[in-house]
Amino acid sequence: MKTSPTILVLSSPSGGGKTTLARYLRKEIRELTYSVSTTTRPMRKGERNGVDYTFVSEKEFKKMIKKGEFVEWALVHGHYYGTPIKNIKDALKKGRDILLDLDVKGAKNLKKIFPEAILVFITVKSLKELRRRLILRKKDDLKTIEMRLRNARKELKEIKHFDYLIINDNLKKARAQLKAIYIASKLRIPKPRWIENIQWGKPGWIANIQWGKEEKNVRKRP
Ligand code: ADP
Ligand code: 5GP
């Protein structure tokens, strides 16, 4: 019996450590597919188009929404971000685990479509520490940092929708905790309600995924 592919979602207030921890897990678990999101945010120094994000204009993004190309999308810190349906569809068809870095709304919306998705909330012990890390990261100007910190207060209230919480004060410990969550996900017994068209023993055993009609910015799983 094959286990079902893991859909692992990391969310955190900006500066909480998602990117750092995602990078670590991808190195550790080579077979993990990373979902490259599409965004209208300007590219940061050091980022690569198609690797960190696919960077598009707002006009292009809205066209993609209209064409129903996103499984979920959200306006986060003043820019659009979305997960192309293709990312998840391709991973599940191949039976591959997939890692996503989403804001809290995106995580909640994805879980509505994929109840088996595992939502991990990452945070640090104080907003003061968050500010310190955002400043040290040197990727955003002070105005952007303040906006991200204001949003952090709202995001923290969403913890209740998540399955796991990692307090990223000690990076070594946080890495081990994330890896443990991934390993535990591979030991789960799939629940029938998660799965359509089970094909035991076949590679990529979640087959024939059909995508429903668009409902606001969330797509229904058939
Ligand atoms: P996010 O992707 O959630 O916005 P990052 O992964 O970019 O956050 O982390 C923000 C900053 O904090 C980065 O400069 C990163 O190197 C640093 N950082 C991450 N984890 C820790 C930690 N446990 N202790 C100290 N600094 C950390
Ligand atoms: P950043 O600009 O710091 O890379 O990301 C800003 C926020 O957008 C983060 O909370 C990140 O998780 C979120 N994000 C990145 N990609 C997506 C996506 O495809 N969908 C949603 N909903 N949020 C995303």
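The analysis underlying the following values was restricted to heavy atoms, covering all of them including side chains, and did not include hydrogens, waters or symmetry mates. When a ligand or atom number is given, it counts from 1 through the structure's own listing order.
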Practice problem: Quick one: do T123 and F121 satisfy side-chain contact (heavy atoms from CB on, under 4.5 Å)? Show the steps, please. | Solution: CA-CA 7 Å; T123 189; F121 195 92; 3.8 Å; yes

Practice problem: Taking only Lys NZ, Arg NE, NH1 and NH2, and the carboxylate oxygens of Asp or Glu, determine whether D90 and R96 approach each other closer than 4.0 Å. | Solution: no

Quiz prompt | Lys/Arg N to Asp/Glu carboxylate O, E146 vs R150, below 4.0 Å | solution = no

Quiz item: ligand 1: which residues have a non-hydrogen atom closer than 4.0 Å?
Solution: S12, P13, S14, G15, G16, G17, K18, T19, T20, R133, R137, N168, D169, L171

Quiz prompt | Audit row: W73, N109, side-chain contact (heavy atoms from CB on, under 4.5 Å) steps and yes/no | solution = CA-CA 9 Å; W73 59 268; N109 283 338; over 6 Å; no

Could you tell me, atom by atom, which parts of ligand 2 come under 4.0 Å of a heavy atom of [X]?
X    : result
D101 : 11 (C), 12 (O), 14 (N), 15 (C), 16 (N), 17 (C), 24 (C)
G106 : 22 (N)
V76  : 7 (C), 8 (O)
R44  : 1 (P), 2 (O), 3 (O), 4 (O)

Quiz item: Any idea which heavy atoms bring M147 and H77 closest together, and the distance?
Solution: CE-O, 3.3 Å

Between [options], which one has a non-hydrogen atom sitting closest to [atom]?
atom                    : options               : answer
atom 19 (O) of ligand 2 : P84, A74, S37, A107   : S37
atom 2 (O) of ligand 2  : K105, K18, R41, K139  : R41
atom 3 (O) of ligand 2  : R148, K108, E155, E47 : R148
atom 13 (C) of ligand 2 : V71, T144, D103       : D103

Quiz item: V120 and Y182: same hydrophobic cluster, using ILVMFWY side-chain contacts below 4.5 Å?
Solution: yes

Quiz prompt | Pair S126, E129: side-chain N/O donor-acceptor within cut-off below 3.5 Å | solution = no

Quiz prompt | Side chain, backbone, both or neither: the part of H79 lying under 4.0 Å from ligand 2 by heavy atom | solution = neither

Practice problem: Evaluate the ring planes of F70 and F61, with Trp represented by its six-membered ring, and classify them as parallel (under 30°), tilted (30 to 60°) or perpendicular (over 60°). | Solution: parallel

